[in-house]
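Encoded as structure tokens, the structure appears first; notes follow it.
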There are 2 protein chains.
Amino acid sequence: MKMNDKRRIKELIERLDRITAADEWGDDINPTQWTALSYLSRANSFSRSPSHVADFMTTTRGTVSQTLKALARKGLITEIRSEHDKRSISYSITEKGEKLFKKESTIEEAALQLGGEEVSTLLAGLEALARTALKQRGYKSFGVCDTCSYHRKEAEGGYCNLLNLPLSPPQTKQICHEHTSAK
Amino acid sequence: MKMNDKRRIKELIERLDRITAADEWGDDINPTQWTALSYLSRANSFSRSPSHVADFMTTTRGTVSQTLKALARKGLITEIRSEHDKRSISYSITEKGEKLFKKESTIEEAALQLGGEEVSTLLAGLEALARTALKQRGYKSFGVCDTCSYHRKEAEGGYCNLLNLPLSPPQTKQICHEHTSAK
DNA sequence: GTTACTAGTATCGAGTCGATATTATATTTA
DNA sequence: TAAATATAATATCGACTCGATACTAGTAAC
């Protein structure tokens, strides 16, 4: 690998993120809140607590707690307290929150201009980079059930061998905090 | 392109950025300040004003102004007022600021684990994505002189046909706000 | 020589962020 | 089973980001 390649990769990721972050301001929401909201819209019901969001966002529970309170204040999510563990909370996205997922980000628009080959090699590279980075830091993968080693494919949907639960077709595409990469 | 590919690309870039941002806290510096400092260390002397940093970072002059003041307060950069335009300022990195560029980021460490082929296709993809995104939004490229259409290669270093200036070998590798992609 | 325009800032309010401390609930263990 | 420990979520703090707005001081254009 050329000496500066790794630095250039880091720089490009940072710059691209800042470019999209810039147009995630407005709509009464900021980039961090946007990331949390987006996570909540795609995570399954076992993965929507403040702790899970914090792990996904690589930040602390305290910080995420404030972010989620801000989103709740704006009516974009609602908190649901757990029955069997009175400490824990699960957040759910509201209709109003769902409506925000219309506009496309700069990165997404730019991706549309790339060729199919280019997109798939880029995606493969990013996946590999993320996989390695997560492993190095001991972070959880937060992949979708579909691709988990505990997942068993069924005629309709699937089955989770960890939680012993049947999964509907849409549920197999949701993010789970227990996700473990299928080898 | 598969429907979700573009969304996945955006998600991965965001997540990777948050992972590196997480370990850019500490050392009395935060991720935003880190980006500004890093830019100043690589930009040529015509590209180190608050306005240039703001353009590079896709933010406003006001925000950058504060960030640079914070860095100056910490003794990591120093401001140099221009002679012929008394409004403008150019920042310069100090010895103390230079010393911070030791540790490697998570993304860089992860990149080292990838194969050479993987790195070059990832890099090519990111470059293409960035080029397209910048063009769509009308942002400046901030490339290095080396790759500029105004650049003329010489036996020793190069020459800038825009500013009519000879460039030393290290200068040809610096970031310039006037950079225009060579076709 | 007035009228733009430009470079940089101060200030504001909402919010991020890590650190720390606190509350309430669960789990372990003695 | 009671006491020690662990866990989930928050409140609070101080430094800072961020866009918006308003402002100052130089420079350029007409």
Side-chain angles (χ1 to χ4, degrees), chain A residues 14 17-37 39-40 46-74 76-91 177, chain B residues 14 17-37 39-40 46-74 76-91 177:
Chain A
E14 277 184 4
D17 187 64
R18 291 196 70 97
I19 289 168
T20 34
D23 42 46
E24 278 173 357
W25 282 92
D27 287 330
D28 201 29
I29 207 173
N30 68 37
T32 298
Q33 289 169 3
W34 189 268
T35 300
L37 189 66
Y39 170 80
L40 289 175
F46 314 113
S47 310
R48 294 195 214 122
S49 72
S51 298
H52 297 141
V53 182
D55 284 351
F56 177 77
M57 294 180 70
T58 333
T59 184
T60 59
R61 289 195 309 271
T63 297
V64 158
S65 186
Q66 293 175 78
T67 300
L68 297 176
K69 292 286 172 195
L71 287 171
R73 231 172 16 243
K74 292 171 187 177
L76 303 173
I77 59 175
T78 41
E79 64 175 62
I80 300 159
R81 306 205 80 96
S82 165
E83 292 291 298
H84 64 233
D85 185 339
K86 286 179 187 164
R87 291 168 306 177
S88 63
I89 293 178
S90 185
Y91 279 92
H177 75 107
Chain B
E14 278 182 4
D17 187 64
R18 290 196 70 96
I19 289 168
T20 32
D23 42 47
E24 278 172 358
W25 282 92
D27 286 330
D28 202 29
I29 207 172
N30 69 39
T32 298
Q33 290 169 1
W34 191 266
T35 300
L37 190 66
Y39 170 80
L40 289 175
F46 314 114
S47 309
R48 294 193 214 125
S49 72
S51 299
H52 297 142
V53 181
D55 284 351
F56 177 77
M57 294 181 70
T58 331
T59 185
T60 61
R61 289 196 311 271
T63 297
V64 158
S65 187
Q66 294 175 77
T67 300
L68 297 177
K69 292 286 173 196
L71 287 171
R73 229 168 22 240
K74 292 170 188 178
L76 303 173
I77 59 175
T78 41
E79 65 176 61
I80 300 161
R81 305 204 83 94
S82 165
E83 292 292 297
H84 63 234
D85 186 339
K86 287 178 188 164
R87 291 169 304 177
S88 63
I89 294 178
S90 184
Y91 279 93
H177 75 107

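Note that the structure is predicted; figures quoted are calculated from it, not measured.
- Residues A/T59 and A/W25 each lie close to DNA chain C; by heavy-atom proximity, the contact nearer the 5' end of the strand is made by A/W25.
- Set against D/dG19, C/dG18, D/dC18, the side chain of B/T32 has D/dC18 as its closest nucleotide.
- Phosphate contact (OP1/OP2 of D/dT10, side-chain N/O of A/R87, threshold under 4.0 Å): absent.
- Comparing A/K74 and A/E83 against DNA chain C, the residue whose closest nucleotide sits nearer the 5' end is A/K74.
- With distances taken from any side-chain atom of B/N30 to the nucleotides D/dC13, C/dT9, D/dT17, the minimum falls on D/dT17.
- Side-chain atoms of B/R61 lie closest to C/dT9 of the nucleotides C/dC17, C/dT9, D/dT17.
- When heavy atoms are screened at a 4.0 angstrom cut-off, A/S88 is found touching the sugar-phosphate backbone but no base atom.
- Contact annotation for B/R18: backbone-only contact, meaning every heavy-atom pair under 4.0 Å involves sugar-phosphate atoms and none involves a base.
- Nearest nucleotide to the A/I89 side chain, out of C/dG8, C/dT25, D/dA9: D/dA9.
- Across all strands, B/G26 comes closer than 4.0 Å to no nucleic acid atom at all (heavy-atom distances).
- Taking atom CG on B/D17 and atom P on C/dC17, their separation rounds to 11 Å, with Å as the unit.
- Distances were taken from every side-chain heavy atom of A/D85 (C-beta onward) to each of C/dT16, D/dC18, C/dA26; the shortest belongs to C/dA26.
- One atom, CZ of B/R73, and another, P of D/dT17, lie 8 Å apart when rounded to the nearest Å.
- Within 4.0 Å (heavy atoms only), A/H84 reaches sugar-phosphate atoms of the nucleic acid but no base atom.
- Residue-level contact check: A/Q33 touches the backbone only, with heavy atoms under 4.0 Å from sugar-phosphate atoms and none from bases.
- We find that CG of A/L68 is positioned 13 Å from C1' of D/dA8, with the value rounded to whole Å.
- If you take NZ of A/K69 and P of C/dT16, they are 14 Å apart, rounded to a whole angstrom.
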